[in-house]
There are 2 protein chains.
Amino acid sequence: MISQYYLKVKKLDFTTGEALIALLNEEEAYHFGIHAGDKIGLTWRGKKTVNVEANLSDKRIKPGEIGLYEEVWQKYPVETGEIVEVNVLGRPDSIQAIKKKLLGHHLNEADCQAIINDIVSNRISNTEITYFVAATYMYPYNRDELYYMTKAVAETGDTIHFKGQVVDKHSVGGIAGNRTTMVIIPIIASLGLKIPKTSSRAITSPAGTSDTMEVLAPVTFSIAETMEIVKKTGGCLIWGGGFNLAPSDDRILKVTYPLSLEPYDKMIVSVMAKKVSTSVNCLIIDMPVGETAKIPDMATAIDLEKRFVYVAKQFGIKIKVLKTKGIDPIGQGIGPTLEARDVLRVLQQKEGRPMDLEEKSLELAAELYNLVKNIGMAKARKEVALALSSGKAWSKMKEIIKAQGGQEKIDSEGIELGNVTHSIKATKSGEVIKTDNKNINALCRILGAPLDKKAGIYLEAEYGKKVVAGQSIYTFYASNEQRMALALAAVDKLKIFTIK
Amino acid sequence: MISQYYLKVKKLDFTTGEALIALLNEEEAYHFGIHAGDKIGLTWRGKKTVNVEANLSDKRIKPGEIGLYEEVWQKYPVETGEIVEVNVLGRPDSIQAIKKKLLGHHLNEADCQAIINDIVSNRISNTEITYFVAATYMYPYNRDELYYMTKAVAETGDTIHFKGQVVDKHSVGGIAGNRTTMVIIPIIASLGLKIPKTSSRAITSPAGTSDTMEVLAPVTFSIAETMEIVKKTGGCLIWGGGFNLAPSDDRILKVTYPLSLEPYDKMIVSVMAKKVSTSVNCLIIDMPVGETAKIPDMATAIDLEKRFVYVAKQFGIKIKVLKTKGIDPIGQGIGPTLEARDVLRVLQQKEGRPMDLEEKSLELAAELYNLVKNIGMAKARKEVALALSSGKAWSKMKEIIKAQGGQEKIDSEGIELGNVTHSIKATKSGEVIKTDNKNINALCRILGAPLDKKAGIYLEAEYGKKVVAGQSIYTFYASNEQRMALALAAVDKLKIFTIK
């Protein structure tokens, strides 16, 4: 394809707000080998050259014409009728790399960098990103590709440089509740380790750690502010989205929605790139495994573990992957405020606190502490348990909340919940033989979580335990009758507990 | 995913011209499991229900709101602030089918119908079509899928019902020139067979049969007009794009451009669906095989032949696939007017006519005639040769041109060519050991073909023949100096002949 043409300018009164766009006749563009989204260079009056993005139209622009949006002709004076030289700046290298992957070949480091760079710099279109996602969905990465991609993503993102030992805990998610992070971070920080935790918000779940932490304190900070908080307290519980740690994620995520694909490789790359960018060098991964969790079976879990471990090694990160049981929710509250209450109940060691949340948090904390200190699990368990029971962890949590600008005086029972409630009773007696995470998530979303922090579900029954007909098995919380009505209408369709 | 929500109306002053669009908050939409392009049903004031397409915006619309475009609130009165019930009409079945293919499974007939129907009816987005194309590119169709897809495409398109025997000739293309169709149709029609030929326009080549025929007569007709022309003359040479024979092609084609993928299965489906729709029951396929042709090697050609033959059999179409040599152009003129001149020179049996075009046309015509009459190739060759040499074919061509509303008085030498010409001389003596079709195409496009019908290249040298330094090996034709300058600038980069 030769890459130079002359076209006649047509000034358009379209505006994009910022982007420099030129509109070409669709059919002609194809003859020129120009695709929507291609970058083209325009030269006129012998000198001026401006790079714009090509959009195509089959009606608005005749062959031989090029339409310029306001942003272009305001910034670079030109008159309708003038002849401009059009230079195709060539297809990005990433296109060849994507095609290579589509043909089942493996990508080298340069390929991976080209793809990630061009996604981040908007040089390739969503169609091309879709081919990329489709190809990686069909041909999983080999170890080299996993490493190259993680490196490329980390290099295109912000980085936060902490000195010395930086520890972290990450949960693969998929289990309702599971707010162990908010218990573990203060425990570990209270033991003198540096654990700057960045978390995500919920995408498809009722609450992410950030949504829940936000009930107690702000979670969006600049890099400088974050360093300050960590310097003060040794830990933090902030929203990773406040930085730009893996800038390619958003564009990739968008094209995964339509088919709701969840490629595991994309997850590994995204998680590990963020760890690399935040200079984590000692990491525990909580990987819940269960039918309705993100990781459905052990075989998948073991394969994922190997891949996580391989990538971590490449970056000198000490790692341990813990395959935990993912068959029922951790804690009883689902939804930001209800989960925050569970967390505080554990940290404050209140009567009737959710023991499953406490136990899982202690076990993960012990594993992380042992991974760092190498003192054996028995000693590690004792130390983290003491940190919690002695109140050290709770004081540390209050430090962190204060450092993040939250309310100093705080108590689990002071947290305000949705004021419209309705409790669901067991229709028969028996044992709970199944808990459906997906239906819990769906019902919580109907109730308004996570956008409405006060919405959610409080679970009174539990997997493996007996219930008697007529007892309350869970309670809905909402902020208005409308949402409650919708949830009640859906109860039968979205069964949470199977009682037998 | 539960599929019912309440949102507060915000009337927008956006207009689309026709489509009914509702704008949702992007983040919230994802929580609801609604994707851009999804069809959603809106109910308000207890009764009114209107189905609209969901678009997403992260800024214009707040969570809890739904923005309605003018088309919606003008047609279905509603006020800003009113609460509407939003029902997700569910994801199209085709989505599951595409995902199935993406996972490497084969599609059944219902899957294929769902995908093609939803592409044609715009129920799925370009992103989803891209996943479909990517999947079929990676997992070629099995025979059933080829058949189901062809059937689905044919059923979604227009159909033209001719009675009795309908013969046709199709070229897979990729070779410059190769205007045998315009020689074969009048020959076959002059022998009393019914051959209603619909052709395409050039997409990436310098001229399609329709572009070339258009030099002599109009090529765009309604179905009724076409039947009339064929009734009169037994044949026609019209543009298939005038009908809607394979309506899914255009949307699929668009997403194949960015990576310039050319899936063979897509071609087979598209070609055979059109034959089925035009009630063809006897078909010759010209399949040029050569390094720079569309079919690069014999192995590929043989596989394609099998697939064409299988699909044809399913529809009771008698077929023969001819694997022809695709190493150099057929005829000397490249570009609409130059190719039309070659065709007329052959039909008029002029001195110095391109014999390779004549010979290939006669051979294909004989194969087609024999496929129909089953009289043996020797007799068939004699009859088609006579039809050409006797002038019967030329009279038939003039009938067809007249029936299509072209100029009655016509002669090969009367065709007007581009008035800016420049001939390229051999820099050394030797034999032409390679002709590059791709570079011929690129240069013709630079000269302005096929949009500028008078632009093109006339080849004086030929593959396998000797040339002497200084002799003209080809001549450029353009309509303006600008295009000529661009072509001359590209000559060295885009070598046509390799002389050794």
Side-chain angles (χ1 to χ4, degrees), chain A residues 1-2 4-6 27-28 30-33 35-38 63-64 83 91 95 98-99 102-104 124-131 133-135 137-139 201-204 254-255 257-261 438-439 442-443 445-446 448-452 482-483 485-487 489-490 493-494, chain B residues 1-2 4-6 25 27-28 30-33 35-38 63-64 83 91 95-96 98-99 102-104 124-131 133-135 137-139 201-204 253-255 257-261 438 442-443 445-446 449-452 482-483 486-487 489-490 493-494:
Chain A
M1 178 196 75
I2 185 63
Q4 190 180 48
Y5 307 98
Y6 288 95
E27 195 188 355
E28 187 170 64
Y30 289 142
H31 290 299
F32 291 171
H35 308 297
D38 279 3
I83 300 295
R91 313 250 53 215
I95 299 297
I98 291 170
K99 212 164 165 178
L102 210 48
L103 288 164
I124 58 176
S125 69
N126 284 338
T127 301
E128 289 145 354
I129 296 173
T130 304
Y131 279 114
V133 172
Y137 188 70
M138 281 174 284
Y139 301 115
R201 293 187 183 280
I203 293 172
T204 56
K254 276 207 174 48
V255 304
Y257 279 124
L259 265 65
S260 42
L261 303 173
K438 292 200 167 75
N439 289 347
L443 284 165
R445 289 205 302 274
I446 299 172
L451 297 178
D452 175 358
Q482 261 172 5
R483 292 281 191 178
L486 287 172
K493 274 176 265 166
L494 299 171
Chain B
M1 178 196 76
I2 184 64
Q4 189 181 48
Y5 307 96
Y6 287 98
N25 172 271
E27 195 187 355
E28 188 171 64
Y30 289 141
H31 290 299
F32 291 170
H35 308 296
D38 279 3
I83 300 294
R91 313 249 56 214
I95 299 297
Q96 283 317 311
I98 291 170
K99 212 164 164 177
L102 209 48
L103 288 165
I124 57 176
S125 70
N126 284 339
T127 301
E128 289 144 353
I129 295 173
T130 304
Y131 279 113
V133 172
Y137 187 69
M138 279 173 283
Y139 302 115
R201 292 187 183 279
I203 293 171
T204 56
L253 208 57
K254 274 205 177 48
V255 304
Y257 279 124
L259 264 65
S260 43
L261 302 173
K438 292 200 167 76
L443 284 165
R445 288 207 302 276
I446 298 171
L451 296 179
D452 174 358
Q482 258 172 5
R483 292 282 192 177
L486 289 172
K493 275 176 264 165
L494 301 170

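Below, chain A is the first sequence line, B the second, and so on; all start at residue 1. Computed from a prediction, not measured in an experiment: that's the story for all the values here.
Between chain A and the options B:Ile124, B:Thr127, B:Leu103, B:Ile129, the largest number of non-hydrogen pairs under 4.5 Å is found for B:Thr127. By number of non-hydrogen pairs under 4.5 angstrom with chain B, the leading residue of A:Asp452, A:Leu102, A:Ile83, A:Ile95 is A:Leu102. Ranked by heavy-atom pairs shorter than 4.5 Å toward chain A, the options B:Arg201, B:Lys254, B:Gln96 are led by B:Lys254.
B:Tyr131 places no side-chain N or O within 3.5 Å of a backbone atom of A:Val133 that could act as its donor or acceptor partner.
Taking NZ from A:Lys99 and OH from B:Tyr137, the interatomic distance works out to 5.5 Å, rounded to the nearest 0.5 Å.
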